[in-house]
Undergrad: 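Before anything else, here's the structure in question.
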Amino acid sequence: MTDINVSNPTEIKSGTQGSSLKAKIDKGRYFLLAPGVLWMVLFLIIPLAMMVYVSFWTQTTFAVNSTLTTKSWVTFFSSETYMNALFRTGRLWLTVLALTFIIGYPVALYVGQLIRSETLRTILLVTCVIPFWTSFLIRVLAWRPMLGKEGAVNIVLQKLGIINTPIEVLLFTEVSVVIGLVQIYVVFMVGPIAFMLGRIDHNLIEAARDLGASTWTIFRKIIFPLSLPGVAVGAIFVSVMVLGEFATPAALSGRKVNLLGNIIVTQVGSLKWAFAAVVGVVLTVVMALVITALLRVVNLRKEL
Amino acid sequence: MMELRGLEKSYEGNPAIQNLSLSVMDNEYLTLLGPSGSGKSTLLRLIAGLEQPDDGSIQLEGEDLDGRPAYMRNLGFVQQKYALFPHMSVFDNVAFGLRYRQEDPLQDASEVHDRVSRILELVGLLGYEERMVGQLSGGQKQRVSLARTLVCEPKICLLDEPLGALDANLRERMAIELRRIRAALKVTFLHVTGNETEALAMGDRVVVLDKGRICQVAAPEEVFSAPTSIDVAKFLNAYNLFPGRGELDGFAYSGHLLPIKCDARQAHFYGIRYDHIRIITGNDDGAGFKAKFLASEFEGARIKYLFERPDGGVFEAEMHLGEGDPITLTPNEFYEVSWDPKEVLLFDTSGELLKSNARGEVAK
Amino acid sequence: MYHLNGLRWTLGIFTALFLVFLYGPFVVMTILSFQQGPEGGPQFPIIEWSTFWYQHVLSIAEPSRVAPLPIGEALIRSLTLAFATMVVSTLLGTLSAQAFRQNFKGSGVVFYLIVLGMMVPGVLLGLGMALVADQFDIARTWWGTAFVLHVVYTFPFSFLVMLAIFNRFDKSLEEASWMLGVDPVKTFRKITFPMIFPGVLSSMLFAFTLSYDEFPRTLFTGGSEATMPIAIYGTFAVEIHPNLFAFGVLTTLASFALLTIYGVLMALSVRRAKIQSSGLQEEIA
């Protein structure tokens, strides 16, 4: 009744049918993927490609035409205004990134590691997210009465006797822009780091403590390295949003601080498509460099 | 009933199933025994249609299953961790297949109720219909999983280590239950396990699988008393196996000449079952060798005696308490062990059992 | 853990200060929304407490030199847009995540193609789309060019949420259903979907919130009919009044109320399930 290990050459043809079912499964997958991929190609890749293309078009006063030229590029790199905006964008981005990390990490450490009660942790995280239910633009505007010469900060500091005369550099300067950006985006740094810290197995830390490691050593050798993917993800979020900003600087600097984003808005407003596209491509390159560097630290797919 | 022919399956170049052929008969309890990584779960998934073979064919009642998706095969599959639907009650779990299957779904609520009740009675869970899955014990979950599968009257019921997740005490009870339920429904069971005792105790036939190939298919008694290869013998965990060289008058092993009954010049391995060993406390002619006693293990109905082999390995002897009173040995003392040469199995270089030396033929 | 107490306190105080920093503007905004109107401006000191600006937002204040906020229609547009975005991006996200449950060739490329949608700054995407629309004579509307960009932005979030959900989903449940003769479509409806539903909900919540508040992408592609954030941005250019603050407080309260209702409903259903199961246990005992 039973034949063991008897190969039957006449049956080999059936193997091809087996792989046809496999092909069916693959086909099913393409049906699942097609809408999403198509959407992204049409409305993400093509617009970005278009931007690169248009950056080489010829810009006249009120129109563009598709004669290819590098004139807009030359204008960009020889203009002090544009180059200043580029450096200002870089400076502001690094400042905000550093500040969100310095302010966000201790908070994430507290929420993710030092709080044992699950309920309290959830409450704290929800508390951090609640401000997002107010419109982003209104949140930006709310900084004006905070930072002005007669603003809340000056009033409080004067009442406390810390200062005598109100600080004037608070509003409509780069400082106000930085403060606003940090407040709006710091939560994006706290969230991923707290998530990674919360995942650390407490037994690991207990074990290290049993082996006589000091708190500082445990932090340096265990906690910090394990939280790095969270830092990278947070940095990606903050970088993406700060590099593309234009509303916050516009609202809090009285249009004195112009980032690359602001230049794009102005150029589009005056129908200077080619110039806008050049600035866009520069910004894209900066973004790509930053994200690629950060993705070396973290494998997004593995962290899910 | 079901024919597997020349099945092949590999994952990224690592073969999991190699040229495997097997016939499954109607109304039988077939156990599939193999160590982890032997491909036994893969084989089950190939039959179920959850994986596609690279080559070969599966025929069920003469029909080729190739290209037929899992939900069209009319096979039952009881998963290792039960895979009960957590958002449904016991009743809804069991009724799920009847209600929603593609072929011939049951519309009539009273008929669904009757059939579910009947099967729940068979598995001993009548009265548990409204419970949620989370409120069940492991053994109860196992029964629900079984009932859910059997209520659809599959042609063959595939069971993936069904007793693996249960604790020892429950396992024995469930094993008896499984045999009873199968006998009542007369459905073929294909039961995969990594436990040799379970495979031998439960199967009408046992298939021994290793490295994706079938080593032996036979009744449990035959597998136990005449494993066709040294791998099977090793896996049964019931044989002392000695490497060495067969001579005309015996088997040379580590300076000893072990007794044989016939020409053994092809033999490279020498096997003797634990329960065929005699421990000589007085004087005897000495068919075996002297070994240092290490320890004994009491296992309920039997006692295992562990000795040190001449080459440093462990040598085991087993004594069933039904056959006599246990003997007391002193650790680190040397004792003579011996056995009937008739019971010896010899294997050739490639580990195959030498037919001419198989038991019975030797005796002639 | 004794010596950790000092650290715990330090970080606790730091976190408290952090929350003050986070909520400070909101508190100040709330206070100033009760500024006297219509003369009182969006700054201290409070001339006199009043609810004038709330009445102004709701168009029940006496007419004054301050133009009413152009909400109304903009709000309806924003809600419609957010709803459509939510549906489409959750659908796309679920489909794509489903395809990602088994590894396949090119999965890395597709993964980063999708994730790119949330990584490209809105202003770039808006610019790119505006260029495309300009070149191909496509009308720029909030329900067309802006809508597709909203989905480009929220689809990656939905996708990642669903991917995380599927990663934790026990595949053997689906296999069990197939083996009972139930086809994949019905299996998805009866088994997979009920179990991933919490993930679908949070994906919807994500997409709705992001789209509702989306601004840079809409700015270049939304056309002449403004959505809510564009309407607010429009008031930037001119003088701002405390009516914006009143509006901010009102919308926050509204979304807060919605969230509370959602939370209460969830808690209730959890409790009901608990009562049901405990009742059963007694019955059997």
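In what follows, every chain begins at residue 1, and chains take the letters A, B, ... in the order their sequences are listed.
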Undergrad: Heavy-atom distance under 4.5 Å to chain C: side chain of B:Leu98, backbone, both or neither?
TA: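 For B:Leu98, neither part sits under 4.5 Å from chain C.
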Undergrad: Looking at B:Ala83 and C:Ser172, what are the two nearest heavy atoms and their distance?
TA: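 So the two residues come closest at CB-OG, 3.5 Å.
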Undergrad: Please classify the contact of C:Lys186 with chain B as side chain, backbone, both or neither, using a heavy-atom distance under 4.5 Å.
TA: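 For C:Lys186, side-chain heavy atoms alone lie under 4.5 Å from chain B.
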Undergrad: Would you find more than 12 non-hydrogen atoms of other residues, nucleotides or ligands less than 6.0 Å from C:Phe14 atom CZ?
TA: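 Counting neighbours around CZ of C:Phe14, more than 12 heavy atoms of other residues, nucleotides or ligands fall under 6.0 Å, so yes.
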Undergrad: Would you name the heavy atoms of B:Leu50 and C:Trp178 that are closest together and state the gap between them?
TA: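 Answer, listing the atom of B:Leu50 first, then C:Trp178: CD2-CE3, 3.6 Å.
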Undergrad: Hey, could you give me the CZ/CD1 distance between B:Phe96 and C:Ile191, rounded to the nearest 0.5 Å?
TA: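 The CD1 atom of C:Ile191 is 3.5 Å from CZ of B:Phe96, to the nearest 0.5 Å.
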Undergrad: Once you round to the nearest 0.5 Å, how far does CD of C:Glu174 lie from CZ of B:Phe85?
TA: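 CZ of B:Phe85 is found 9.5 Å from CD of C:Glu174.
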Undergrad: From C:Leu180 CG over to B:Asn74 CG, what is the distance, rounded to the nearest 0.5 angstrom?
TA: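 These two atoms lie 10.5 Å from each other.
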Undergrad: For C:Phe104, I'd like to know if atom CZ has over 12 heavy atoms of other residues, nucleotides or ligands within 6.0 Å.
TA: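 Yes, the 6.0 Å shell around CZ holds more than 12 heavy atoms from other groups.
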Undergrad: Side chain, backbone, both or neither: which part of C:Asp183 has a heavy atom under 4.5 Å from chain B?
TA: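 C:Asp183 touches chain B through backbone and side-chain heavy atoms alike.
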Undergrad: Name the region of B:Gln79, side chain, backbone, both or neither, that has any atom closer than 4.5 Å to a heavy atom of chain C.
TA: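 Contact with chain C is through the side chain of B:Gln79 alone.
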Undergrad: Non-hydrogen atoms of chain C under 4.5 Å away: do they reach the side chain of B:Arg148, the backbone, both or neither?
TA: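 Both backbone and side chain.
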Undergrad: B:Pro86 versus C:Met195: any side-chain heavy-atom pair under 4.5 Å?
TA: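 Yes, at least one pair of side-chain atoms sits under 4.5 Å.
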Undergrad: For atom CZ of C:Phe206, is the number of surrounding heavy atoms from other residues, nucleotides or ligands below 6.0 Å larger than 12?
TA: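 Counting other residues, nucleotides and ligands, CZ of C:Phe206 stays at 12 neighbours or fewer.
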Undergrad: Between C:Val182 and B:Gly97, which heavy-atom pair has the shortest distance, and what is it?
TA: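 Residues C:Val182 and B:Gly97, closest heavy atoms: CG2-CA, 4.5 Å.
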Undergrad: Check the pair B:Arg99 / C:Lys190 against side-chain contact (heavy atoms from CB on, under 4.5 Å), numbers first and verdict last.
TA: CA-CA 11 Å; B:Arg99 281 175 180 159; C:Lys190 295 283 174 189; over 6 Å; no
Undergrad: Which heavy atom of B:Leu84 sits nearest a heavy atom of C:Leu173, and at what distance?
TA: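 Reported closest heavy-atom pair: O-CD2, 3.1 Å.
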Undergrad: Relative to chain B, which segment of C:Ser177 carries a heavy atom at a distance below 4.5 Å: side chain, backbone, both, or neither?
TA: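 Both parts, heavy atoms under 4.5 Å.
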